[in-house]
Amino acid sequence: MQYEKVKPPENGEKIRYENGKLIVPDNPIIPYFEGDGIGKDVVPAAIKVLDAAAEKIGKEVVWFKVYAGEDAYKLYGNYLPEDTLNAIREFRVALKGPLTTPVGGGFRSLNVTIRQVLDLYANVRPVYYLKGVPSPIKHPEKVNFVIFRENTEDVYAGIEWPRGSEEALKLIKFLRKEFGVTIREDSGIGIKPISEFATKRLVRMAIKYAIENGRESVTLVHKGNIMKYTEGAFRDWGYEVAKQEFGDYCITENELWDKYGGERPEGKIVVKDRIADNMFQQILTRTDEYDVIALPNLNGDYLSDAAAALVGGLGIAPGSNIGDGIGVFEPVHGSAPKYAGQNKVNPTAEILTGALMFEYIGWKGASEMIKRAVEMTISSGIVTYDIHRHMGGTKVGTREFAEAVVENLQSL
């Protein structure tokens with residue numbers, strides 16, 4: 001692979017993808033980019049923790065710095081250079097910081113572009129409680145589910161035209177003439193595609209995850225009572241995958257009650273579905289009934305942020321974008337430029353995102369140690385300002401929090 005302005009490390013080995021599985025050496029080369037705003041604070045803090053965890057299990061990450069966002073524009077004249085995309089393609093796994101996305105005008109989201117160009121079709125976000133973190137609900141310890149959000153279609157397809165544009169007016173006229181659909185002429189127009197192909201590969205990944213990790217249920221979340229041929233189809237195609245491809249592992253919720261009296265047979269995964277608006281109150285009122293959740297893009301965007309609030313907010317929420325044998329790992333929060341460079345913000349989301357990356361490459365021991373060390377740090381009262389204002393304790397900066405996590409990790 002040729003690179004214009006960056007050079008891969010001379011030591012370290014590539015992660016390979018063979019026969020549907022990642023082949024991970026003990027010293028993988030992993031690209032990373034800090035991104036914008038607070039990325040320059042939280043990514044170095046996370047790398048410090050990740051290096052310590054890797055060393056604990058006799059491994060080493062060989063980091064390869066690449067660029068995206070404002071730094072990339074200064075270096076390349078391009079916010080998302082081919083060097084960065086090629087590095088992810090070649091080395092398979094990457095850690096990233098947050099990237100700024102303008103609201104309204106300006107360039108489209110770089111996060112969305114990365115996901116679409118690399119076909120990272122699943123946005124995977126585990127949501128779980130860390131002891132000691134303030135929560136708005138009585139029993140946050142019941143929260144333990146993984147959200148699989150479709151990453152390439154629905155609103156993320158970005159098919160839209162502004163009010164009054166030639167394209168919007170032409171489409172409005174066409175819909176009225178050909179289908180009798182009346183749309184106000186001062187409307188912006190967007191198209192929401194949901195395909196059988198993209199739906200099935202997302203649900204397939206969610207069910208495989210449930211099988212491999214001993215999860216008990218997969219819930220399909222949709223607005224199919226209103227949007228019958230997009231979100232309703234998402235539901236139907238999801239059930240088809242469960243029945244046709246995983247029939248030995250899966251039963252439906254109806255079968256659970258009709259055949260098994262509501263008692264889940266050992267080793268079986270219950271596949272069920274919920275209307276999206278109802279699901280928002282279900283994760284509050286019946287939290288422990290949900291395990292793996294698969295959703296179209298927009299529903300998944302809303303629900304994953306709402307779920308993060310149950311366990312302390314976006315500042316501690318890890319995330320990832322996964323394709324077939326390729327993954328980019330990013331925290332859920334944004335770039336918060338007003339706090340950049342102040343050694344102030346909470347790096348927990350980026351640290352836990354790194355733990356998720358380690359889990360993905362098969363370093364589960366290191367991943368679990370990171371989670372425990374973060375929990376120990378927060379439980380001992382060593383926290384950044386965002387948590388300190390809710391629970392008190394010893395307020396520390398970004399770097400100092402990471403150092404405390406490393407110290408706890410080394411004691412495990």
Side-chain angles (χ1 to χ4, degrees), residues 121-127 142-156 192-265 267-308 310 322:
Y121 58 84
N123 183 229
V124 183
R125 297 183 180 181
V127 186
K142 293 183 178 180
V143 179
N144 185 12
F145 45 77
V146 183
I147 293 173
F148 283 76
R149 166 193 172 204
E150 206 289 319
N151 228 1
T152 64
E153 296 190 324
D154 196 354
V155 297
Y156 264 38
K192 172 193 178 79
I194 292 182
S195 71
E196 180 178 2
F197 171 80
T199 297
K200 285 189 171 181
R201 68 178 179 174
L202 175 84
V203 176
R204 185 178 298 119
M205 183 184 285
I207 293 175
K208 283 183 178 179
Y209 178 91
I211 293 169
E212 291 169 1
N213 291 276
R215 297 283 183 156
E216 297 182 358
S217 70
V218 174
T219 304
L220 308 169
V221 180
H222 59 92
K223 192 64 177 172
N225 55 329
I226 303 298
M227 307 191 79
K228 300 181 185 300
Y229 307 121
T230 51
E231 303 217 6
F234 178 92
R235 168 193 181 274
D236 295 342
W237 292 326
Y239 276 121
E240 285 180 13
V241 170
K243 181 178 180 180
Q244 295 171 6
E245 300 181 28
F246 300 97
D248 291 341
Y249 295 95
C250 296
I251 60 173
T252 65
E253 192 171 33
N254 287 338
E255 290 172 329
L256 174 69
W257 291 98
D258 293 346
K259 294 184 179 180
Y260 303 102
E263 294 292 327
R264 183 183 65 87
K268 295 290 186 180
I269 295 166
V270 179
V271 179
K272 50 193 176 182
D273 71 278
R274 297 290 183 267
I275 301 297
D277 46 336
N278 177 44
M279 187 64 178
F280 274 84
Q281 64 92 24
Q282 290 272 309
I283 62 170
L284 288 168
T285 60
R286 306 174 78 95
T287 309
D288 52 0
E289 293 182 13
Y290 298 99
D291 207 344
V292 174
I293 304 171
L295 317 87
N297 183 273
L298 186 58
N299 291 334
D301 200 4
Y302 293 152
L303 191 75
S304 57
D305 279 13
L310 303 181
I322 306 295

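If you're wondering where the values come from, they're calculated on a predicted model, not measured in any experiment.
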**Item:** Residues in side chain to side chain contact (heavy atoms under 4.5 Å, CB included) contact with A308, at least two apart in sequence or another chain
**Value:** L314, A317
**Prompt:** Under the side-chain contact (heavy atoms from CB on, under 4.5 Å) criterion, do L310 and V127 qualify, and how do the steps go?
**Reply:** CA-CA 9 Å; L310 303 181; V127 186; 5.8 Å; no
**Message:** Walk me through whether I207 and R204 qualify under side-chain contact (heavy atoms from CB on, under 4.5 Å).
**Reply:** CA-CA 5 Å; I207 293 175; R204 185 178 298 119; over 6 Å; no
**Request:** Provide the full list of ring-ring contact (aromatic ring centres under 6.0 Å, His included) pairs with a residue in residues 279-298, sequence neighbours left out, each pair given once.
**Result:** none
**Request:** Please list, chain by chain and in numerical order, all residues satisfying salt bridge (charged side-chain N to carboxylate O under 4.0 Å, His left out) with D277, sequence neighbours excluded.
**Result:** K223
**Partner residues of D236 under the salt bridge (charged side-chain N to carboxylate O under 4.0 Å, His left out) criterion, sequence neighbours left out** = none
**Message:** Going by the rule ring pair (Phe, Tyr, Trp, His ring centres under 6.0 Å), which residues pair with Y209 if we only count those two or more places apart in sequence or in a different chain?
**Reply:** F148
**Prompt:** Between M279 and I293, is a side-chain contact (heavy atoms from CB on, under 4.5 Å) present by the stated rule, with each step listed?
**Reply:** CA-CA 10 Å; M279 187 64 178; I293 304 171; 3.6 Å; yes
**Item:** Residue list, side-chain hydrogen bond (donor to acceptor under 3.5 Å, both in side chains) with E153, at least two apart or on another chain
**Value:** S195
**Prompt:** Passes side-chain contact (heavy atoms from CB on, under 4.5 Å), V241 versus M205? Steps please.
**Reply:** CA-CA 10 Å; V241 170; M205 183 184 285; over 6 Å; no
**Prompt:** Do any pairs count as a salt bridge (charged side-chain N to carboxylate O under 4.0 Å, His left out) and have a residue in residues 292-304, sequence neighbours left out, and if so which ones?
**Reply:** R149-D301
**Message:** Between K272 and D291, does any NZ, NE, NH1 or NH2 come within less than 4.0 Å of an OD or OE carboxylate oxygen?
**Reply:** no
**Item:** Which residues share a side chain to side chain contact (heavy atoms under 4.5 Å, CB included) with D288, sequence neighbours left out
**Value:** K142
**Message:** Restricting to side-chain hydrogen bond (donor to acceptor under 3.5 Å, both in side chains), what partner residues turn up for R235, sequence neighbours left out?
**Reply:** D273
**Message:** Test of understanding: with side-chain hydrogen bond (donor to acceptor under 3.5 Å, both in side chains), list the residues that count as partners of S217, not counting sequence neighbours.
**Reply:** none
**Message:** Assess whether a salt bridge exists between R274 and E253, defined as any Lys/Arg side-chain N lying under 4.0 Å from an Asp/Glu carboxylate O.
**Reply:** yes
**Among I269, V271, D258, V270, the one residue meeting side chain to side chain contact (heavy atoms under 4.5 Å, CB included) with I251** = V270
**Asked** Should K208 and E212 count as an ion pair when the cut-off is N to O under 4.0 Å?
**Response** no
**Prompt:** Got a sec, which pairs hit ring-ring contact (aromatic ring centres under 6.0 Å, His included) with one end in residues 228-261, sequence neighbours left out?
**Reply:** none
**Item:** For T152, all residues meeting side-chain hydrogen bond (donor to acceptor under 3.5 Å, both in side chains), sequence neighbours excluded
**Value:** E150
